[in-house]
A.B. asks: 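What follows is a structure written as structure tokens; I'll ask about it next.
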Amino acid sequence: MLYRAPRGTADILPQKQAHWRHVEQVAVSLCQGYGYQRLDCPVFEDTGLFTRSVGEDTDIVAKEMYTFADKGGNSLTLRPEGTAPVCRAYLEHGMPNLPQPVKLYYLAAIYRYERPQAGRLREHHQFGYEAIGDADPAIDAEVIDMAWQFFASLKLSRLSLQLNSIGCKKCRPAYLAVLKDYYAGYTDNICPECKIRLKRNPLRLLDCKKSSCLQIASQAPRSIDHLCPECGGHFNQLKEYLGLLQIPFAVNHRLVRGLDYYTRTVFEIQPEGGSAQSTIGGGGRYDDLIEELGGKPTPALGFAAGMERIILNLKQQKIPIPPLPQPRVFITYTGEELKKEALKLAASLRKSGVSAIEATGSRSLKAQLRQANSLGIPCAVIVGEEELKKGTVILRDMTTATQKPVPISKLPKILG
RNA sequence: GUGAGUGUAGCCCAGUGGUUUAAGGCGCCAGGUUGUGGCCCUGGAGAACGAGGGUUCGAAUCCCUCCACUCACCCCA
């Protein structure tokens, strides 16, 4: 073998397609139900779009991007997340002039250069959606409700919704100062990474999983205690709305998310008892991002879920998946000459809307039927010499092993 | 980027007291009399034992390097 799929990528084989199509179909009908329209963006974008929006100091930008120069010398990057391209398209196509909020969804491949591991790939796929142009906490509630309903429709159970508010550019600096003050008393006790975080990205101190840091983090000042009145009101209303919608949530003071653009509401959905990297979906508000990308100040929020992780959980929870449609009829023949009749019959059946496969090669009838059986096709047609003289073929029901001669002209009707 | 484990046919794997046809199961193909599947029986194809190098008379089995996969850390979906 000369080549294999690149590290961290995976072929989605035919036997896995039922899961994929099912999750996609649930996602698409969910979006229709909430008034979201599909947007497909390019796989690569100007590198600046991501460095500017995601943040220079995030892991994604610092070490995980697939960045390359094209032949014109432009620096392009395979998208490492889905929100920034949607915002770019929102601005590029004048969507600020549409009635707000603009609601968009996507199903897209995402690229991050990481060490592959359970539930983590270099190329993975996300289903995500964004509501742009609305600051009302009611839209936060709707976005979270939609995520919750998505997993409910997939029949996934034992999920937990973690919620937090990390404030806005007005109140966060004061909170970060308090947080730094607190950690200043522990500089000798925190791990080396946290020492870097303290300088670069203090919010991230809160989600260090090292046991020593964990304890310090759990006692740390909480962002929700330092919200400005507007952010505090927003968060309180959101919680009220979620209660109204009967969505169970847990406020997690250490939930901060890894991208810089988040403001106010952040949330994550994880399987109960899952490990740190088992999050299947997450999102939040990003009220400054559109402005950062050159638009007018525009509040917005969104959510994204990992397809591979969803499917992993569907399998773990042994949730039955609807099978994909397959051909109804397998057409066999009893001799080389009759192959021509089989070929014509298959073509005419398809024209009348009956999906059909015909046997090929010069295999015995036994082998042909064996093939029909192993493909799981419910009906077999046998084109035989004797029957053909009378204008009939044998129709065999593979599930009951019964068969009878049927006029060829009536086949489409019987099978249709 | 760091750490640990693994690497034998399409899949699951036996075989490491060194040597000569590398075993089995699943799957695949063909037969089990004349035009018929699923069970059973028989037979067949399919592996230079991840790659390269080394030690040796001789290595899938020992040593080195590389690669890939898996898992964990970091971080995320």
Side-chain angles (χ1 to χ4, degrees), chain A residues 1-10 13 15 23 54 57-64 79-83 107-128 147 191-194 196-197 201 204 207-210 213 255-259 268-271 274-283 303-313 330 332-338 359 361 363-388 393-403:
Chain A
M1 196 187 338
L2 254 39
Y3 300 106
R4 25 171 61 221
R7 174 161 226 200
T9 66
L13 297 168
Q15 60 266 32
V23 177
V54 176
D57 285 333
T58 60
D59 278 20
I60 289 179
V61 171
K63 55 185 195 187
E64 294 176 357
R79 67 175 157 236
E81 62 103 32
T83 298
L107 285 155
I110 302 288
Y111 301 86
R112 292 181 199 165
Y113 188 85
E114 300 188 89
R115 280 291 275 278
Q117 183 187 152
R120 183 203 283 157
L121 294 160
R122 287 182 176 178
E123 178 188 63
H124 77 278
H125 302 261
Q126 290 186 5
F127 158 56
C191 68
E193 283 103 45
C194 278
I196 298 167
R197 292 189 183 108
N201 203 338
R204 300 217 60 81
D207 75 352
C208 182
K209 279 104 191 170
K210 295 236 166 42
C213 300
L255 177 67
V256 296
R257 310 275 304 153
L259 288 75
E268 249 175 47
I269 292 173
Q270 328 173 332
S275 52
Q277 67 285 347
S278 62
T279 299
I280 59 176
F303 168 80
M307 297 289 287
E308 284 85 354
R309 286 187 186 176
I310 291 170
I311 291 167
L312 210 62
N313 279 273
F330 192 91
T332 67
Y333 46 87
T334 59
E336 259 328 275
E337 271 308 299
L338 296 168
R363 316 166 86 192
S364 64
L365 181 59
K366 184 194 194 99
Q368 294 176 54
L369 285 169
R370 194 161 39 223
Q371 190 182 355
N373 182 63
S374 68
L375 292 173
I377 293 172
C379 299
V381 162
I382 302 167
V383 181
E385 202 165 357
E386 292 304 309
E387 293 78 7
L388 198 62
V393 291
I394 295 169
L395 180 59
R396 181 174 178 84
D397 184 328
M398 298 294 281
T399 55
T400 60
T402 56
Q403 62 185 44

A.B. asks: If the P atom of B:rC49 is compared with that of B:rA9, how far apart are they to the nearest Å?
C.D. replies: 10 Å
A.B. asks: Need one value for A:I310: base, sugar-phosphate or nothing, where a base atom within 4.0 Å counts as base even if backbone is also close, heavy atoms only.
C.D. replies: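 Touches nothing.
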A.B. asks: From the set B:rA77, B:rG38, B:rG35, return the single nucleotide nearest to any side-chain atom of A:L259.
C.D. replies: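 When the side chain of A:L259 is considered, B:rA77 is the closest of B:rA77, B:rG38, B:rG35.
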A.B. asks: How many angstroms lie between atom CG of A:L107 and atom NE2 of A:H125, to the nearest 0.5 angstrom?
C.D. replies: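 It comes to 10.5 Å.
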A.B. asks: If you measure from the C1' atom in B:rG32 to the same atom in B:rU19, how many Å do you get, rounded?
C.D. replies: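 My reading of the C1' atoms in B:rG32 and B:rU19 gives 42 Å.
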A.B. asks: Which heavy atom in A:R363 sits nearest to a heavy atom in A:Q368, and how many Å separate them?
C.D. replies: O-NE2, 3.0 Å
A.B. asks: Distance check, rounded to the nearest 0.5 Å: A:D207 atom CG versus A:L255 atom CG?
C.D. replies: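 With rounding to 0.5 Å, CG (A:D207) is 8.0 Å from CG (A:L255).
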A.B. asks: Contact class for A:E386 (heavy atom, under 4.0 Å): base, sugar-phosphate, or nothing?
C.D. replies: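 Since a base atom lies under 4.0 Å of A:E386, the category is base.
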A.B. asks: How long is the line joining CZ of A:R396 and C1' of B:rG38, in whole Å?
C.D. replies: 10 Å
A.B. asks: Could you tell me how far apart A:R370 (CZ) and B:rC39 (C1') are, to the nearest whole angstrom?
C.D. replies: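 Rounding to the nearest Å, CZ of A:R370 and C1' of B:rC39 are 13 Å apart.
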A.B. asks: When you measure from the side chain of A:I394, which nucleotide among B:rA77, B:rG37, B:rU36 comes out closest?
C.D. replies: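 Closest of the options to the side chain of A:I394: B:rU36.
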A.B. asks: A:I280 near the nucleic acid: base, sugar-phosphate alone, or nothing, with a heavy-atom cut-off under 4.0 Å?
C.D. replies: sugar-phosphate
A.B. asks: Distance between the C1' atoms of B:rU70 and B:rA23, in whole angstroms?
C.D. replies: 26 Å
A.B. asks: Quick one: the side chain of A:Q368 and the base of B:rU36, do they pair up donor-acceptor inside 3.5 Å?
C.D. replies: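 Looking at the base of B:rU36, it does not pair with any donor or acceptor on the side chain of A:Q368 (distance under 3.5 Å).
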A.B. asks: Tell me: OH of A:Y3 to P of B:rG50, nearest whole Å?
C.D. replies: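 Atom OH in A:Y3 sits about 22 Å away from atom P in B:rG50.
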A.B. asks: Taking only the side-chain heavy atoms of A:A118 (C-beta and beyond), determine which of B:rC71, B:rA77, B:rG35 contains the nearest atom.
C.D. replies: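 The answer is B:rC71, which lies nearest to the side chain.
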A.B. asks: Which part of the nucleic acid, if any, lies within reach of A:D59 when heavy atoms closer than 4.0 Å are counted: base, sugar-phosphate only, or nothing?
C.D. replies: sugar-phosphate
A.B. asks: Within this structure, what is the CD-to-P distance between A:Q403 and B:rG38, rounded to whole angstrom?
C.D. replies: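 Computing the A:Q403:CD to B:rG38:P distance gives 14 Å.
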A.B. asks: Given atom CZ of A:R79 and atom P of B:rA77, what is their separation to the nearest angstrom?
C.D. replies: 14 Å
A.B. asks: If you measure from the P atom in B:rC12 to the same atom in B:rC69, how many Å do you get, rounded?
C.D. replies: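 That atom pair is separated by 15 Å.
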A.B. asks: Atom CZ of A:R7 to atom P of B:rC66: distance rounded to whole Å?
C.D. replies: 14 Å
A.B. asks: In Å and rounded to the nearest 0.5 Å, what is the CZ to OG1 distance from A:R257 to A:T279?
C.D. replies: 7.5 Å
A.B. asks: Start with the C-alpha distance between A:I377 and A:M398, add both sets of side-chain angles, then the distance that settles side-chain contact (heavy atoms from CB on, under 4.5 Å), and finish with yes or no.
C.D. replies: CA-CA 7 Å; A:I377 293 172; A:M398 298 294 281; over 6 Å; no
A.B. asks: Check whether the side chains of A:Y111 and A:E123 place a donor and an acceptor atom closer than 3.5 Å, and report yes or no.
C.D. replies: yes
A.B. asks: Which sits closer to the 5' end of RNA chain B, A:H124 or A:R115, going by the nucleotide each is nearest to?
C.D. replies: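 Its nearest nucleotide being more 5', the pick is A:R115.
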A.B. asks: Whole Å only: how far is the CZ atom of A:R363 from the P atom of B:rG37?
C.D. replies: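 Rounded to whole Å, this separation is 14 Å.
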A.B. asks: Using a 3.5 Å cut-off on both pairing distances, which stems of three or more Watson-Crick or G-U pairs include RNA chain B?
C.D. replies: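 Listed by first number, the stems are B:1-7 with B:67-73, B:10-12 with B:24-26, B:28-32 with B:40-44, B:50-54 with B:62-66.
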A.B. asks: What's the gap between B:rC13 and B:rG7 when it is taken at their C1' atoms, as a whole Å value?
C.D. replies: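 Per the computed distance, 13 Å lies between those C1' atoms.
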A.B. asks: At under 4.0 Å between heavy atoms, what does A:E114 touch on the DNA or RNA strands: base, sugar-phosphate, or nothing?
C.D. replies: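 Base, at least one base heavy atom under 4.0 Å.
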A.B. asks: Give a yes/no answer on whether the side chain of A:Q117 brings an N or O atom under 4.0 Å of OP1 or OP2 in B:rC73.
C.D. replies: yes
A.B. asks: Shortest non-hydrogen contact from A:P80 to A:I110?
C.D. replies: O-CG2, 3.2 Å
A.B. asks: Between B:rC40 and B:rG15, how far apart are the two C1' atoms, rounded to whole Å?
C.D. replies: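 Pairwise C1' distance, B:rC40 against B:rG15, rounds to 30 Å.
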A.B. asks: With nearest nucleotide decided by heavy atoms, which residue, A:A367 or A:T402, maps closer to the 5′ end of RNA chain B?
C.D. replies: A:A367
A.B. asks: Distance check, rounded to the nearest 0.5 Å: A:K366 atom NZ versus A:T332 atom OG1?
C.D. replies: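 That separation rounds to 14.0 Å.
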A.B. asks: Looking at A:A359 and A:F330, what are the two nearest heavy atoms and their distance?
C.D. replies: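 Shortest heavy-atom separation between A:A359 and A:F330 comes out as CB-CE2, 3.8 Å.
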A.B. asks: P atom, B:rA60 versus B:rA48: distance in rounded Å?
C.D. replies: 13 Å
A.B. asks: Taking any heavy-atom pair under 4.0 Å as a contact, classify A:I60: base, sugar-phosphate, or nothing.
C.D. replies: nothing
A.B. asks: Can you tell me, in whole Å, how much space there is between the P of B:rG5 and that of B:rG43?
C.D. replies: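 43 Å, rounded to whole Å.
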A.B. asks: In this structure, how many angstroms lie between the P atom of B:rG1 and the CD atom of A:E64, rounded?
C.D. replies: 13 Å
A.B. asks: Within the structure shown, what part of the strands sits under 4.0 Å from A:E387 by heavy-atom distance: base, sugar-phosphate, or nothing?
C.D. replies: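 It contacts base atoms.
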